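A short write-up of the structure that comes next.
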Amino acid sequence: MAANHEEILETIGGMTVLELSEFVDAFKEKFNVTAVAAPVAMPGAGAPGAEAAEEEKDEFDVVLEGIGDKKIQVIKVVRELTGLGLKEAKEVVDGAPSTVKEAAGKEEAEEMKSKLEDVGAAVALK
């Protein structure tokens with residue numbers, strides 16, 4: 001079958017633009033397909049709605065915004081999530097707003113946020 005593909009490609013490669021256009025039209029008719037060109041955004045073109053089509057982030061910074069009234073539990077969770085020692089975890093909690101973890105994956109960041117919120121902390125993903 002590879003030889004057939006090569007033959008087809010050679011034949012198409014030898015066609016003029018007019019012959020190729022006619023071939024495409026005949027192909028569409030025979031197989032009942034349509035070719036719809038998707039709009040291509042040029043870099044820097046500033047297409048309308050470009051902000052809405054922005055890629056979804058896949059890395060987040062987990063930021064401790066506030067600690068609530070359960071400071072000790074928040075310190076324990078920060079230690080659990082980061083592997084920091086008691087002193088370092090306390091400094092992170094006392095320094096709120098502070099970054100608990102940078103460039104965490106989406107799933108990991110959501111899990112960290114959930115655990116911190118469960119003990120009363122206010123957390124933001126940035």
Side-chain angles (χ1 to χ4, degrees):
M1 188 155 192
N4 289 340
H5 287 159
E6 291 299 320
E7 291 172 8
I8 294 170
L9 290 174
E10 285 296 320
T11 303
I12 291 173
M15 290 181 172
T16 64
V17 175
L18 181 58
E19 291 172 331
L20 188 56
S21 176
E22 291 171 353
F23 171 75
V24 169
D25 290 339
F27 185 89
K28 287 185 209 177
E29 187 176 320
K30 175 157 179 92
F31 296 105
N32 195 27
V33 294
T34 57
V36 178
V40 177
M42 298 300 292
E51 295 85 23
E54 185 176 323
E55 288 185 27
E56 185 177 332
K57 288 177 65 174
D58 58 350
E59 289 187 345
F60 296 89
D61 292 341
V62 180
V63 180
L64 182 65
E65 300 273 323
I67 58 171
D69 59 349
K70 298 179 181 177
K71 181 178 177 181
I72 294 173
Q73 284 83 356
V74 174
I75 292 171
K76 287 180 180 179
V77 172
V78 168
R79 286 187 69 199
E80 172 191 333
L81 296 174
T82 62
L84 294 174
L86 180 60
K87 180 181 176 189
E88 293 83 6
K90 185 178 181 306
E91 288 172 357
V92 168
V93 171
D94 287 341
S98 58
T99 303
V100 176
K101 181 157 184 166
E102 294 179 345
K106 182 176 181 177
E107 191 174 300
E108 179 185 16
E110 290 289 340
E111 182 180 329
M112 292 176 84
K113 179 180 179 184
S114 174
K115 285 183 179 181
L116 286 163
E117 287 177 340
D118 286 348
V119 293
V123 182
L125 300 179
K126 297 183 179 183

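Because the structure is predicted, anything quoted here is derived from the model rather than measured.
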Original post:
Is there side-chain contact between Asp118 and Val77, with heavy atoms separated by less than 4.5 Å?
Top reply: no
**OP:** Before giving the answer on side chain to side chain contact (heavy atoms under 4.5 Å, CB included), spell out for Val92 and Thr82 the whole-Å C-alpha distance, their side-chain angles and the decisive distance to 0.1 Å.
**Re:** CA-CA 11 Å; Val92 168; Thr82 62; over 6 Å; no
Original post:
Is Ile8 reachable from Met15 through a run of I, L, V, M, F, W or Y residues, each pair having side-chain heavy atoms under 4.5 Å apart?
Top reply: yes
Original post:
Considering residues at least two apart in sequence or located in another chain, which fulfil the side chain to side chain donor-acceptor pair (under 3.5 Å) criterion with Lys101?
Top reply: Glu108
**OP:** May I have all residue pairs that pass side chain to side chain donor-acceptor pair (under 3.5 Å) and include part of residues 61-75, sequence neighbours excluded?
**Re:** Lys71-Asp94
Original post:
Looking at residues at least two apart in the chain, or sitting in another chain, which of them share a ring pair (Phe, Tyr, Trp, His ring centres under 6.0 Å) with Phe23?
Top reply: none
Original post:
Going from CG on Leu81 to CD on Glu111, what distance comes out if it is rounded to the nearest 0.5 angstrom?
Top reply: 7.5 Å
Subject >> Where at least one partner belongs to residues 77-89, residue pairs that pass salt bridge (Lys or Arg N to Asp or Glu O under 4.0 Å), sequence neighbours excluded >> reply: Glu80-Lys115
**OP:** Spell out, as yes or no, whether a donor-acceptor pair under 3.5 Å connects the side chain of Ser21 to the backbone of Val17.
**Re:** no
Original post:
Nearest heavy-atom pair of Ala104 and Val62: which atoms, and what distance?
Top reply: CB-CG2, 4.5 Å
Original post:
Is it true that a side-chain atom of Ser98 and a backbone atom of Leu64 form a donor plus acceptor pair closer than 3.5 Å?
Top reply: no
Original post:
Val74, Ile72: one ILVMFWY side-chain cluster at the under-4.5 Å cut-off?
Top reply: no
Original post:
Got a sec, which residues hit side chain to side chain donor-acceptor pair (under 3.5 Å) with Glu110, two or more places apart in sequence or on another chain?
Top reply: none
**OP:** With sequence neighbours excluded, give me every salt bridge (Lys or Arg N to Asp or Glu O under 4.0 Å) pair touching residues 12-21.
**Re:** none
Original post:
Under 4.5 Å between any side-chain heavy atoms of Val100 and Val63, yes or no?
Top reply: no
